[in-house]
Each structure stands twice: as C-alpha cells, then as structure tokens.
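Note that the numbering runs from 1 along the sequence shown for the chain.
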Amino acid sequence: YDFISELDNSGVSYASITDMINIGKELCHDLRSEVSPSVVLGKLRRTGFAPTESAIILTSAVNNMCPDTTSWVVA
C-alpha cells in the first residue's frame, strides 16, 4: 500500500484502490518487458490521467512495486 499512499500524498485522484494497484502491477509488467517508459506514460494518459498524474503514478509504481525497473526508467 506504499504505492497508494504515495499517490494519495501527491494528490492523484482515482476511483478505486484495487484498480490503481492493478494499474501499478500492469506498469511494472510492461517495464519488465522493456516497454519504454514513454509508451507506459502514453497508456496512462489515454486512460484519462493528466500528464503530471501519469508521471507520479509511474514513479510511484517504480519506487514501491518494481524498484528493479529503476535503471530501465532512468535510462
């Protein structure tokens, strides 16, 4: 739930905690499959998140759910 806590503290709005956790899992799966972070951000924006929210969600997922993808995202 650190992922959700970071989103809450950053002011990201969402309808369902369960849906957000699933989004975080999907982001991690994509990043581990070497989908580029810009593509992942695009997917978030197409689901209705603002660009800043998308970046916060991606960063929070990497920090809390899949820190093993940090080097891929930073690169």
Side-chain angles (χ1 to χ4, degrees):
Y1 288 97
D2 290 339
F3 170 65
I4 295 298
S5 180
E6 189 171 328
L7 297 180
D8 290 344
N9 292 335
S10 298
V12 174
S13 298
Y14 54 87
S16 161
I17 289 175
T18 302
D19 289 347
M20 284 310 300
I21 291 171
N22 288 335
I23 287 170
K25 288 178 182 178
E26 184 177 340
L27 292 178
C28 289
H29 173 76
D30 286 350
L31 293 171
R32 287 179 176 132
S33 299
E34 297 187 0
V35 174
S36 94
S38 61
V39 171
V40 172
L41 287 171
K43 287 174 71 173
L44 284 168
R45 287 194 294 268
R46 284 190 299 279
T47 62
F49 291 103
T52 301
E53 288 177 320
S54 297
I56 291 168
I57 294 166
L58 175 64
T59 302
S60 181
V62 169
N63 289 341
N64 297 291
M65 299 177 82
C66 50
D68 56 298
T69 64
T70 300
S71 61
W72 170 243
V73 173
V74 171

For [X] against [Y], the heavy-atom pair lying closest together:
X: Ala61; Y: Cys28; result: O-SG, 4.0 Å
X: Gly24; Y: Phe3; result: CA-CZ, 4.0 Å
X: Ile4; Y: Met20; result: CD1-CB, 3.6 Å

- Item | Flag side-chain contact, heavy atom, 4.5 Å: Leu27 against Thr69 | no
[X] side chain to [Y] main-chain N or O, any donor-acceptor pair under 3.5 Å?
X: Ser5; Y: Tyr1; answer: no
X: Ser60; Y: Ile57; answer: no
X: Ser33; Y: Val35; answer: no

- Listed partners of Asp68 passing side-chain contact (heavy atoms from CB on, under 4.5 Å), at least two apart: Arg32, Cys66
Interatomic spacing from [atom1] in [X] to [atom2] in [Y] - rounded to 0.5 Å:
X: Asp8; Y: Ile17; atom1: CG; atom2: CD1; answer: 7.0 Å
X: Leu7; Y: Asp2; atom1: CG; atom2: CG; answer: 11.0 Å
X: Leu31; Y: Trp72; atom1: CG; atom2: CH2; answer: 8.5 Å
X: Ile56; Y: Asn63; atom1: CD1; atom2: CG; answer: 11.5 Å

- By side chain to side chain donor-acceptor pair (under 3.5 Å), Ser10 pairs with (sequence neighbours left out) none
- Among residues two or more places apart or on two chains, list those pairs meeting salt bridge (Lys or Arg N to Asp or Glu O under 4.0 Å) that have a residue in residues 44-65. none
- Verify same cluster id: Val39, Val74 (apolar side-chain graph, 4.5 Å): no
